[in-house]
**Q** 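Please see the structure below; I have some questions.
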Amino acid sequence: MQSKYDLPAMDAEVRRIKSAVQKLQSMGADFPAVARNSVRILASLKMMEMNICDLVAIESQTESS
Amino acid sequence: MDKTPFWNPVLETMDPGKLHNLQLHKFKRIFKWTYDNSRFHRGLYDKADVKPEDIRSFEDIRRVPKVEKSMMRDIQRKDPFPYGDMLCVPLEQVTEFRQTSGTTGLPVYQADTWQDWEWWAECWSFILWAQGYRPSDRVFLPFGYNIFVAFWAAHYAAEKIGCEVVPGGVLDTSARILKIQELKATAMMATPTYILGMADTAKRKMQIDPETLGITKITCAGEPGASIPSTKQRMQDAWNALVYDHAGATEIGAWSFECSAQPGGMHVNEAFFLVEIEDTETGEIIEEPGRRGKMIITALDRFAQPCVRFDSKDIIEWDSVPCECGRTFRLIKGGVVGRSDDITKVKGVLLAPSAIEEVVRSIDGLGNEYEVVVDKLGDVDRIKLKVELIPGQEERAKAIEESLKDRLRLKTNLGYRIEFYDYGRLPRYDVKAKRFKDMREKHD
């Protein structure tokens, strides 16, 4: 991927954080402050996916085809 | 970071071929999601015999049935109340209710989850960053926040960008002007009608020159004025600020924007939306610049109440010239030039109300307000144009009338009866103005 930004590395970080927040969310299922704040963080992470991860996904598809 | 002209430097400068791949990838995803989760859409697509696995190319996308606003009206208020079976998520995930203004009929209800609301703000972040909004800005919103989506997402986006946001909600116009002055706001957002109205109030009622207030940029929404050159010029002159247009809708999202290069058109955010232009006569998809048609739009990342191939009725055309700003997102020339259901036939001639506005606001000596009344005498259509003379221009009335008639004839191929009113007599509007009145139905 020709870009001055390391998108694959950013993509990996987003996935790592998402996984951590999902884990936190399941740990806080009966803990509203944890569960509801997790929903908000996941919504923000979705914006990261739209800005970074979707791009990386189509680049990977192009490279493998 | 503040010097970067792009909110997303990769997406906004992407090679057009890659951008199309991204759109196709995202269309497949939203189509499958919608097919799997919305009973309304699944029924529509089954009837047309289009399944998610059938979508492999842009040609295949054109087989997907369009959704019209009337369909949304038909299903809403049914279960799950009040959105109907278009909803793709459980009701308890919905955090936002908005409704359309009902300008063209019964209002349509729109559900958003928190993720979709974040997406709204993200769409607006592309807009505001492109128009030069930065964390150093103090943004004033002179708008009565309510049940309509207008400026809510802009507010959240300005916060996301890092601006300081001042909500000018229930204040009256004079109080808003004083607050802008007191706080030294640097930017604001409103409808073109209200931007001009505020300037008028400042000058005539408060003896404050709006040019001195320090507003450097203004973002408009709700009406086409900021893409009508004469209206844009009046706003820029009144405030000594750069005025930018954007286009969005409750059931779509904020899909296009003018950038700081002011290219005489608006960029479509092609990373988040798929815009198709359809010939209104043949239904053919128009790919080439310079041919007008109506917009069919898909919001590629909106999930709770999706917008897939929505027939927006907005009339647009692709521009042939790339923008000097460096974005590869295509431009629509002159912004949204009208709506297919606004354009009406008068004396057999197609008339877009925005063409009249362009002429009225290009003439020195006329105020900003006007009203058009179309009626019928016997079988013959008549058009009356009501305008206001700026105080002190009374002696020029005859010359202004002749100039107005000539330019209107040239622009619209129609003759008008002109009526002059004292300054301040015509109605003023805070939100969407209703200046075009077609009385002909009453004669039929």
Side-chain angles (χ1 to χ4, degrees), chain A, chain B residues 1 4 6-30 33 56 89-90 92-96 112-126 129 153 156-157 159-161 253 269-273 299-304:
Chain A
M1 185 173 295
Q2 290 183 339
S3 166
K4 69 175 183 177
Y5 307 97
D6 189 347
L7 296 180
M10 289 182 181
D11 174 58
E13 284 302 309
V14 172
R15 287 170 191 280
R16 191 183 59 76
I17 300 168
K18 186 176 178 180
S19 170
V21 178
Q22 284 171 331
K23 190 174 173 188
L24 192 59
Q25 190 178 30
S26 64
M27 290 163 73
D30 293 324
F31 194 151
V34 174
R36 296 311 305 169
N37 277 304
S38 296
V39 170
R40 292 217 165 196
I41 299 169
L42 288 170
S44 291
L45 282 168
K46 183 71 184 173
M47 300 307 113
M48 291 287 199
E49 289 180 358
M50 290 174 197
N51 279 294
I52 297 162
C53 307
D54 286 341
L55 268 169
V56 174
I58 60 148
E59 287 286 350
S60 313
Q61 276 180 5
T62 311
E63 281 162 18
S64 64
S65 62
Chain B
M1 181 186 76
T4 305
F6 308 110
W7 178 248
N8 185 322
V10 184
L11 283 177
E12 291 176 67
T13 59
M14 203 172 179
D15 168 77
K18 281 185 185 173
L19 198 50
H20 282 139
N21 285 345
L22 179 67
Q23 287 181 312
L24 184 58
H25 168 82
K26 289 178 133 188
F27 187 92
K28 289 178 187 173
R29 182 172 65 191
I30 193 69
W33 164 265
R56 296 183 201 90
V89 296
E92 52 271 27
Q93 287 186 22
V94 175
T95 59
E96 314 296 318
D112 284 307
T113 57
W114 185 255
Q115 179 184 298
D116 284 341
W117 191 242
E118 275 280 2
W119 166 84
W120 257 108
E122 193 68 21
C123 295
W124 262 98
S125 298
F126 278 84
W129 198 268
Y156 280 64
E159 287 178 345
K160 182 185 275 208
I161 280 176
N269 182 342
E270 295 188 274
F272 281 24
F273 296 89
L300 297 165
D301 302 286
R302 192 177 199 181
F303 291 93

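Here is how names work: the chains are called A, B, and so on, in the same order as the sequence lines, proteins then strands, and each is numbered from 1.
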**Q** OG1 of B:T95 to CZ of A:R40: how many Å apart, nearest 0.5 Å?
**A** 7.5 Å
**Q** Report the distance from atom CG of B:L11 to atom CD1 of A:I52, rounding to the nearest 0.5 Å.
**A** 9.5 Å
**Q** Of all heavy-atom pairs between A:M50 and B:F272, which one has the smallest distance, and what is that distance?
**A** CB-CZ, 4.0 Å
**Q** Does a donor on one side chain and an acceptor on the other come within less than 3.5 Å for B:E122 and A:N51?
**A**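 Indeed, the side chains of B:E122 and A:N51 share at least one donor-acceptor pair under 3.5 Å.
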**Q** Does A:M10 have more than 12 heavy atoms from other residues, nucleotides or ligands lying within 6.0 Å of its CE?
**A**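 Buried by this count: over 12 neighbours within 6.0 Å.
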**Q** Looking only at non-hydrogen atoms, find the nearest pair between A:D54 and B:K26 and report the distance.
**A** OD2-CE, 3.2 Å
**Q** Would you find more than 12 non-hydrogen atoms of other residues, nucleotides or ligands less than 6.0 Å from B:D15 atom CG?
**A**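 Atom CG in B:D15 is packed in, count exceeds 12.
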**Q** With a 4.5 Å cut-off on side-chain heavy atoms, are B:E118 and A:K46 touching?
**A**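 When only atoms from C-beta onward are counted, B:E118 and A:K46 do not touch, as no gap falls below 4.5 Å.
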**Q** What's the separation between atom NE2 in B:H20 and atom CD1 in A:I58, rounded to the nearest 0.5 Å?
**A**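 These two atoms lie 11.5 Å from each other.
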**Q** If you count heavy atoms of other groups shown closer than 6.0 angstrom to CZ of B:R29, is the number above 12?
**A**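 Buried by this count: over 12 neighbours within 6.0 Å.
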**Q** Rounded to the nearest 0.5 Å, what separates atom CD in A:E49 from atom CD in B:Q115?
**A** 8.0 Å
